[in-house]
Amino acid sequence: MLVPQFKSGTIMDIVHTPSQKTTHSSSRLKVEVVGNGQKMMQEQKGQESEATIPGSSRPKIDVQQMNFFYGSNQALFKVNLTIPENRVTAFIGPSGCGKSTLLRCVNRLNDLVLGSRVEGKILIDGQDIYRPEVDITDLRTRVGMVFQKVNPFPKSIYQNVAYGPMLQKISSRSALDEIVEKSLQGAGLWEEVKDRLHASALGISGGQQQRLCIARALAVNPDILLMDEPCSALDPISTGKIEELLHSLKEQLTIVIVTHNMQQAARVSDYTGFFLLGELIEYDDTKKIFTNPGDRRTEDYVTGRFG
Amino acid sequence: MQAVSLKKFFDSGTLFVWMCGAGLALSLLMIGGLLALIFINGMGYFWPKDLVQFTLHDGSYVLGEVTGHEVIHDSVNADSPEGKGRIQLKVGNRDLYGLDFRWIDESHIQAQSTPTDVVFLERREWGNFYGRPHRVMQGDSVVASGHQEATTALFPLIDRANEIHEDIHYLERSVIGDINHEIEAQRLSLRALELEGRANQSEVATREQEVAVLQSRYEAEADKLRVLYTQLEEYSVVLEDVNGTTKELAVGQIIRMLQPNAMGVGEKVWAYLGNVWTVLSEEPREANTEGGIFPAIFGTVLMVLIMSIAVVPFGVLAAVYLKEYATQGALVRIVRIAVNNLAGVPSIVFGVFGLGFFVYAVGGSIDALFFPEALPNPTFGTGGMLWASLTLALMTVPVVIVATEEGLSAVPREYREGSLALGATKLESLLRVVIPCAMPGILTGLILAISRATGEVAPLMLTGVVKLAPSMPLDGTFPFLHLDRKFMHLGFHIYDVGFQSPNVEAAKPMVYVTTLILVGVVIILNLAAISIRNRMRRKYAGSTI
């Protein structure tokens with residue numbers, strides 16, 4: 001009864017179509033930080049031509065039979081889903097449906113919650129991240145996260161972006177400078193802040209702060225970026241900028257975004273999962289979810305009949 | 001109708017607001033009144049008052065500073081509802097009169113005047129002298145006679161005597177002090193060798209030789225000192241009080257001479273500033289009732305600084321563990337309650353603990369281990385700067401713990417998660433984001449701790465404060481900072497001068513001055529901490545652009 005009703009065929013398609021970028025991700029991880037910055041630039045340039053070509057992809061994140069409990073309160077019920085590499089996957093659903101919980105399971109940020117408990121598996125590149133020998137800090141550098149509440153640290157713009165690399169003991173000034181520049185460019189913020197890198201990050205606008213958070217996440221060179229309602233506190237123009245950013249970023253990253261804004265999900269995502277009361281109701285191609293959903297509850301939600 | 005509007009008045013909360021306002025106003029009034037009282041009395045002490053000469057009906061004269069006025073209680077009756085007044089005079093000349101202060105009934109006064117030729121002499125003993133110099137003597141020969149001439153001749157002699165005193169002070173404190181220190185060091189090293197059983201003939205001989213050399217150096221310096229002391233006796237002055245009683249005094253006994261009645265406002269202001277500087281910079285004289293209170297100011301500030309250095313790491317570590325690492329459960333709740341209660345324990349209890357634990361147990365062990373040669377004289381096994389500071393740190397650590405915990409709770413969860421999501425460990429998040437953001441809270445704790453510790457006296461009396469410290473805890477002798485030394489403290493100074501002094505009336509102004517300076521020290525220390533905190537707040541709470 002709790003089995004999520006997603007079209008297995010679609011998932012199988014995603015999983016089994018030959019990937020053009022299978023080696024990309026793993027090789028990218030090994031590239032030197034500085035070298036990668038340049039590579040990122042090249043990819044951004046090349047990306048515009050490729051962006052519209054619907055590529056297929058190998059699975060990046062595989063959630064298997066996931067149950068999650070806050071104490072005695074179960075928040076996720078046997079969730080199964082596969083998130084493809086280099087795509088944007090959106091989670092939609094009413095508040096309290098478990099979409100953020102699932103997102104925070106992917107970088108194990110839920111470990112912090114007292115009395116929380118996980119059953120099932122999450123595989124990233126085929127490796128279960130809940131194995132005891134997994135180094136959580138390693139995992140979190142591979143899985144970046146952008147939060148609903150814009151949270152730049154009360155430090156300078158530069159120090160915010162350099163925070164992650166400095167944790168990895170990169171202390172050479174020139175290397176840090178380069179990472180900061182590339183990351184800010186990757187987040188589309190460089191032009192706006194390049195003259196005041198050492199000013200407080202709290203002094204720039206909300207939209208800029210959120211892009212700074214994205215830059216900060218990019219600086220540690222992740223292959224997955226989790227976004228928990230990243231635009232809910234932003235005005236439409238800032239939101240538009242971040243949505244554009246997602247299009248360019250997905251060339252190098254696998255993006256999972258939780259959003260309450262259905263237009264946003266429709267605009268930015270390739271795949272969409274609909275959650276309700278801790279269950280994954282339907283998971284499919286975004287176009288299909290919004291035009292021809294397979295489940296009555298999905299249809300009700302996306303057409304605004306409840307939610 | 002009336003009832004309805006009255007009910008409305010109550011319901012609107014206007015009455016409540018007024019009561020709150022009145023409560024606040026009353027509190028501010030009391031604090032303001034207290035500070036004003038201390039300020040006026042304290043600052044008034046420095047002003048060179050006019051010397052008033054009263055002629056009494058019996059033909060005698062009285063000269064002094066007017067220090068008070070009151071209505072004689074018994075004189076108030078139906079005939080004279082105003083009652084009769086009396087005036088309190090500081091007449092000085094303790095050696096002649098026995099008492100510094102005298103009450104004079106207003107009804108006994110025939111006339112009053114402020115003669116310009118009277119002088120005020122500040123002496124090294126017997127308090128102030130009020131009167132006129134009669135003649136100045138060099139040995140048995142008269143150098144100058146007559147009030148005016150004697151006064152004029154006296155000024156340069158006093159300056160010379162003060163220079164000699166400075167030389168004496170330097171010789172006694174620095175030169176002879178150092179020699180004594182070295183002799184003591186030789187004695188201790190010899191004793192240490194004896195204790196270890198390695199005191200052979202040659203070692204003993206070397207040291208005895210060293211001591212003999214030092215001893216001869218000491219003799220030479222002591223001769224110089226004797227010469228200086230005879231120089232002080234060279235000139236003397238015959239003083240005459242207002243009734244013609246004379247008194248001979250060596251000029252070396254005089255610190256300062258003023259003619260307050262002849263001084264203009266500018267000169268008085270100058271003398272006023274000089275008095276302020278004297279109190280701030282000099283050492284006390286005459287059972288602390290005269291001179292300055294510099295050692296007490298220095299001791300207070302140094303103790304508070306050492307306490308701060310001890311209390312902040314302690315309190316922050318404890319709070320971080322309680323808040324961030326300990327499993328939140330019954331045990332942590334009990335610990336937290338205990339910590340809060342610790343803040344309410346009477347300070348003398350901490351004093352007793354400091355004496356038993358720090359002084360006797362820890363200090364005694366340190367002496368036995370590291371300073372056995374000095375025993376039975378204790379080094380750390382007696383009250384001192386270190387133990388007093390640590391006792392106060394222990395007393396104030398709950399305040400820092402509570403404030404730090406509050407500060408940590410106020411750090412947004414998003415900062416922690418943001419940091420962790422970038423691959424930081426918990427420790428890295430704490431050190432790089434959370435604790436810097438909690439710094440304003442930590443500093444608030446420090447401010448409260450400083451305020452409490454600066455004014456605390458009771459525990460210090462058991463752990464190292466003294467009425468008069470022979471040497472400062474910080475000086476030019478290696479290792480410069482002597483944490484084992486006893487020290488003076490403003491709070492204790494107030495108690496000592498105000499209540500333990502042989503001459504309470506004469507010490508009263510000193511009590512106010514010391515109180516004023518204690519309040520000033522608290523305010524300055526707090527302002528320093530507050531300005532650091534505000535800078536942190538600006539840094540962590542908003543735009544700097």
Side-chain angles (χ1 to χ4, degrees), chain A residues 103-104 106-115 135-157 159-169 193 195-196 198-205 209 212-213 216-222 225-226 228, chain B residues 320-333 336 404-444 532-545:
Chain A
L103 195 73
R104 292 162 59 95
V106 178
N107 66 352
R108 292 186 58 177
L109 214 51
N110 274 337
D111 290 12
L112 302 177
V113 180
L114 217 66
D135 181 344
I136 296 189
T137 60
D138 262 6
L139 169 73
R140 287 181 185 150
T141 55
R142 290 180 57 203
V143 185
M145 184 159 187
V146 175
F147 295 82
Q148 173 180 12
K149 191 162 173 204
V150 181
N151 65 344
F153 301 133
K155 299 167 182 277
S156 72
I157 293 171
Q159 284 172 323
N160 262 281
V161 183
Y163 186 85
M166 277 161 82
L167 290 175
Q168 297 174 0
K169 309 288 178 245
V193 299
D195 299 326
R196 44 173 174 160
H198 297 282
S200 168
L202 302 177
I204 56 179
S205 78
Q209 288 187 6
L212 177 62
C213 292
R216 188 174 68 184
L218 294 179
V220 291
N221 202 14
L225 186 61
L226 309 174
D228 191 356
Chain B
V320 166
Y321 182 77
L322 272 181
K323 189 85 204 167
E324 305 285 334
Y325 286 102
T327 313
Q328 304 296 315
L331 186 64
V332 166
R333 267 206 305 282
R336 206 166 271 141
T404 306
E405 278 205 77
E406 304 258 317
L408 289 172
S409 320
V411 177
R413 203 188 58 173
E414 287 76 20
Y415 285 172
R416 298 160 196 266
E417 290 188 343
S419 173
L420 291 171
L422 288 167
T425 61
K426 188 164 187 176
L427 179 66
E428 286 167 331
S429 298
L430 275 173
L431 292 180
R432 286 164 182 263
V433 175
V434 178
I435 291 179
C437 286
M439 262 333 255
I442 294 170
L443 286 169
T444 302
I532 298 172
R533 181 181 65 180
N534 287 352
R535 195 167 328 147
M536 297 243 172
R537 279 213 178 120
R538 269 202 302 282
K539 189 169 168 194
Y540 292 113
S543 154
T544 51
I545 304 163

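Lettering follows sequence order; numbering is per chain, from 1.
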**Message:** Once salt bridge (Lys or Arg N to Asp or Glu O under 4.0 Å) is applied, what residue pairs with a partner in residues 407-417 of chain B remain, sequence neighbours excluded?
**Reply:** A:R104-B:E417, A:K149-B:E414, B:E324-B:R416, B:R413-B:E417

**Prompt:** Are side-chain heavy atoms of A:P154 and B:Y415 found at a separation under 4.5 Å?
**Reply:** yes

**Prompt:** Are any of the side-chain heavy atoms of B:L420 and A:L109 separated by less than 4.5 Å?
**Reply:** yes

**Asked** Using non-hydrogen atoms only, which part of A:L167 is less than 4.5 Å away from chain B: side chain, backbone, both, or neither?
**Response** both

**Message:** So for A:V150, is it side chain, backbone, both, or neither that comes closer than 4.5 Å to the heavy atoms of chain B?
**Reply:** neither

**salt_bridge(B:E428, A:R140) N-O dist < 4.0 Å** = no

**Asked** Looking at A:D138, A:T137, A:L139, which has the largest count of heavy-atom pairs under 4.5 Å with chain B?
**Response** A:T137

Where is the tightest heavy-atom contact between [X] and [Y], given as atom of each residue plus distance?
X      : Y      : result
A:K155 : B:R432 : NZ-O, 2.9 Å
A:R216 : B:G418 : NH2-CA, 4.2 Å
A:N107 : B:A421 : ND2-CB, 4.1 Å

**Item:** Point-to-point distance, once rounded to the nearest 0.5 Å, from OG of B:S429 to OH of A:Y163
**Value:** 4.5 Å

**Asked** What residues, two or more places apart in sequence or in another chain, satisfy salt bridge (Lys or Arg N to Asp or Glu O under 4.0 Å) together with B:E406?
**Response** none

**Item:** Residue B:T327 versus chain A: region with a heavy atom under 4.5 Å
**Value:** neither

